[in-house]
S.K.: 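Sending over a structure as structure tokens; questions will come in a sec.
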Number of protein chains: 2
Amino acid sequence: MAAKSATGKRVTLRDVAARVGITPAACSMALADSDRISPATKEAVRRVAAELGYVGSSAARALRKQRAGAIALIVPTTSRHVFGHSYFMHVLSGVTSVANDHDTQVLIATNADTARGLTAYERVMRSNSADGAILTSAAIEDETVDRLLASGLPLVLIGNFPQLTDAITIGVDDRSASRAATEHLIEVHGRRRLLHLTGPLDHQTGVDRRDGFLEAVTAYGIGADAIVLEGDFSEERGHALVDGLGDTYDGIVAANDDMAFGALTALRSRGRAVPSEVALIGFDDFGLSRVTTPAISTVSVPAEEMAVAATERLLKLIDGKPAEWTRRDVEVSFRYRQSCGCGA
Amino acid sequence: MAAKSATGKRVTLRDVAARVGITPAACSMALADSDRISPATKEAVRRVAAELGYVGSSAARALRKQRAGAIALIVPTTSRHVFGHSYFMHVLSGVTSVANDHDTQVLIATNADTARGLTAYERVMRSNSADGAILTSAAIEDETVDRLLASGLPLVLIGNFPQLTDAITIGVDDRSASRAATEHLIEVHGRRRLLHLTGPLDHQTGVDRRDGFLEAVTAYGIGADAIVLEGDFSEERGHALVDGLGDTYDGIVAANDDMAFGALTALRSRGRAVPSEVALIGFDDFGLSRVTTPAISTVSVPAEEMAVAATERLLKLIDGKPAEWTRRDVEVSFRYRQSCGCGA
DNA sequence: CTGAAAGCGCTTACAG
DNA sequence: CTGAAAGCGCTTACAG
């Protein structure tokens, strides 16, 4: 479907040009505000274009300019489960707001189905549907990331990818943040027997948050009492892990808020009080942790801010403009609420 | 950017054709599995295409076929605030899963900025970037909906639009559902002095949920004791409305869960127990209500299911295929949790 | 049945 | 400086 004139036909540059009495080429230049065209002609073209309701064909423009005028937000299907709805919505908000400001369309691509050995998002990229992509939360071993990178398509990754040294990435320092959160339980709340519920360890985020936890307990000499259980970022797993364990710990560092909430419900059913018997801290702050009772203390990850910066960086990359950074960490902030013992 | 051969140039149908020794036209037909092409040639074309990494140009195809191969999910900016993140993520999930199955791209469009009197999403549509659109949660008086509708572009609306009798819409019966939720507080929990916190009354959803509440209290002859306060779907307003009111009621029907949660925190700070002193019920079930303490009883709106059905309907509309419905209601379900007095 | 031209709607490199 | 041709990469209507 397309812009229609009264007769139902699409309004093209030829129509505008005919009405103004110039060529489509001149019309095109007029709308592009070229110096070649006189102010009077530009004005006439603009008036007629508005009258006829002319809107340029994105396909024709894309074909001619070899530029889609769109970027893709790539969501590996696995990470949809892994990172959850709220995370993507924060990311999507950031991406769309920047793209909007730059007259760029946003495409959502997943690798749900594959055909001829290409994932859906590879096809999006290679079919020229998008001029570049934001890829978020890929697994460490996701080989499509390498292929995408190798293809030379403009790409900005959200997250940490230490092995991809040539990639442009933006993330948070999960290790330091996790260490700081763990140290908070130790220093401020005097906890010594700590349990860590990890994220999925095929994601760098899971690895880094675990490593930060381990650094902290090691630094304080309480590593022998520390327990690390492998989780997957899901509330269910958080619940199950805590439910299947004895009561030998006095603090929990969960790698995300969903698992922290699962832990909280499990503690509740076991009759263990939070924070008095068990201090609890999560990670993410994408919405859940603020509304529970007790509210979950957490490390706030500025997902939207990362998405905004990633999108601005991508647009510069596409345009070949100079950019300030190649690998960037944004700051987290700590939200000490009730579940660690800080809040009211 | 585009699919690259070893030399860095985009691989086009001409390259494939040259290699196979046929014309690009024949190549195109081969890839489209046309009867005109022999099985042997098709096989050769497919092999060479795979070898060269050929992926067709979406722009060229769109221009030639006058079909974008994409649909737009339109998000009026106002409703972003109004309906919140989780709602859109449910909708987006539904839309992308169906679109994926039909090799269709999904574009996110908002009306954030306007140029030459056109909203961003009108430009998306009229520039042929999308073959149709899903529009969700528009305000009653949003005149761009009328213009979109009048333009004849394939459009499916999520929500209720009683005044747009020609539109294809899918929604839930908010009035009946709200009435049933209210009756639950009356019949099952014996509440007689009810407070309703409305949604924004410039949205049909707000109006219908209020009307359902009023029907129930009227039917039970307790309308004189009922209080209706105008809200806006935000937690803050829910909190403020309850905070600014005396304690003359024993039940609250909130038009959504965010306001219900705001009410809950306000009741907590006033020292009123939920559900014993005040029974509370919300609406939506997009995530929040399940995790609070007490968990909020609510009416579950199947947002993803609506989005799936809307997208399937849109694709049929675009293809001119026969469809089963023009206006459809999907069933809500009731989640009676602790806040009304039902749950454990 | 099959080959190859025409043309979708733009923009820009080129000719004059 | 300015006019108008060429061509982006496809697909289909047409000619043979």
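Proteins come first, then strands; the chains are lettered A, B, ... in the order of their sequence lines, and each starts at number 1. Values reported hereafter were calculated over all heavy atoms of this structure, with side chains retained and with hydrogens, waters and symmetry mates removed.
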S.K.: To the nearest angstrom, how far is D15(A) atom CG from dC10(C) atom C1'?
M.R.: 13 Å

S.K.: In chain order, what residues pass the side-chain hydrogen bond (donor to acceptor under 3.5 Å, both in side chains) check against S38(B), with sequence neighbours excluded?
M.R.: T41(B)

S.K.: 5'-most contact on DNA chain D: S28(B) or A60(A), nearest heavy atom basis?
M.R.: A60(A)

S.K.: Using side-chain hydrogen bond (donor to acceptor under 3.5 Å, both in side chains) as the criterion, list what pairs up with E312(B), not counting sequence neighbours.
M.R.: none

S.K.: Roughly, in whole Å, what's the span from CZ in R61(A) to C1' in dT11(C)?
M.R.: 9 Å

S.K.: Could you go through nucleotides 1-5 of chain D and list every protein N or O atom that sits under 3.5 Å from one of its N or O atoms, giving the distance for each pair?
M.R.:
unit_1	atom_1	unit_2	atom_2	d
dG3(D)	N7	R36(A)	NH2	2.7
dG3(D)	O6	R36(A)	NH1	3.0
dG3(D)	O6	R36(A)	NH2	3.3

S.K.: For D35(B) and dT12(D), give me the distance from atom CG to atom P, rounded to whole Å.
M.R.: 14 Å

S.K.: Check whether any side-chain N or O of Q66(A) sits under 4.0 Å from OP1 or OP2 of dG9(D), and answer yes or no.
M.R.: yes

S.K.: Any salt bridge (Lys or Arg N to Asp or Glu O under 4.0 Å) involving residues 90-99 of chain A? Give me the pairs, sequence neighbours left out, ordered by first then second residue.
M.R.: none

S.K.: Pick base, sugar-phosphate or nothing for S57(A), based on heavy-atom distances below 4.0 Å to the nucleic acid.
M.R.: sugar-phosphate

S.K.: Please enumerate all residues that pass side-chain hydrogen bond (donor to acceptor under 3.5 Å, both in side chains) together with T169(B), with sequence neighbours excluded.
M.R.: none

S.K.: Count the heavy atoms of every other residue, nucleotide or ligand shown that sit under 6.0 Å from CD of E143(B), and state whether that count exceeds 12.
M.R.: yes

S.K.: Start with the C-alpha gap between D15(A) and Y54(A), add the side-chain angles, then the distance that decides, and say whether side-chain contact (heavy atoms from CB on, under 4.5 Å) holds.
M.R.: CA-CA 9 Å; D15(A) 302 316; Y54(A) 169 75; over 6 Å; no

S.K.: Who are the side-chain contact (heavy atoms from CB on, under 4.5 Å) partners of S58(A), not counting sequence neighbours?
M.R.: S127(B), S129(B)

S.K.: Please state how far atom CG in L31(A) lies from atom P in dT12(C), giving the value in whole angstrom units.
M.R.: 13 Å

S.K.: Check residues 19-33 of chain B and write down every donor-acceptor pair under 3.5 Å in which the side-chain atom is one partner and the other belongs to a residue at least two apart or another chain.
M.R.:
unit_1	atom_1	unit_2	atom_2	d
R19(B)	NH2	E51(B)	OE1	3.1
T23(B)	OG1	A26(B)	N	3.1
D33(B)	OD1	K42(B)	NZ	3.0

S.K.: Taking the side chain of L63(B) as its heavy atoms from C-beta onward, which of dG9(C), dC8(D), dC10(D) lies nearest to it?
M.R.: dG9(C)

S.K.: For DNA chain C, what string of dots and brackets results from 5' to 3' when Watson-Crick and G-U pairs need both distances under 3.5 Å, crossing pairs get [ ], and pairs with another strand get |?
M.R.: |||.||||||||.|||

S.K.: Using the test side-chain hydrogen bond (donor to acceptor under 3.5 Å, both in side chains), find all partners of E324(A) that sit at least two apart in sequence or belong to another chain.
M.R.: K316(A)

S.K.: What is the distance, to the nearest angstrom, from the CG atom on L13(B) to the P atom on dG7(D)?
M.R.: 18 Å

S.K.: Between dG9(D) atom C1' and K65(B) atom NZ, what is the distance in whole Å?
M.R.: 14 Å

S.K.: What distance, rounded to whole Å, do you find between the two P atoms, one in dG16(C) and one in dG7(D)?
M.R.: 15 Å

S.K.: Determine: side-chain N/O of R14(A) to OP1/OP2 of dG7(C), distance under 4.0 Å, yes or no.
M.R.: no

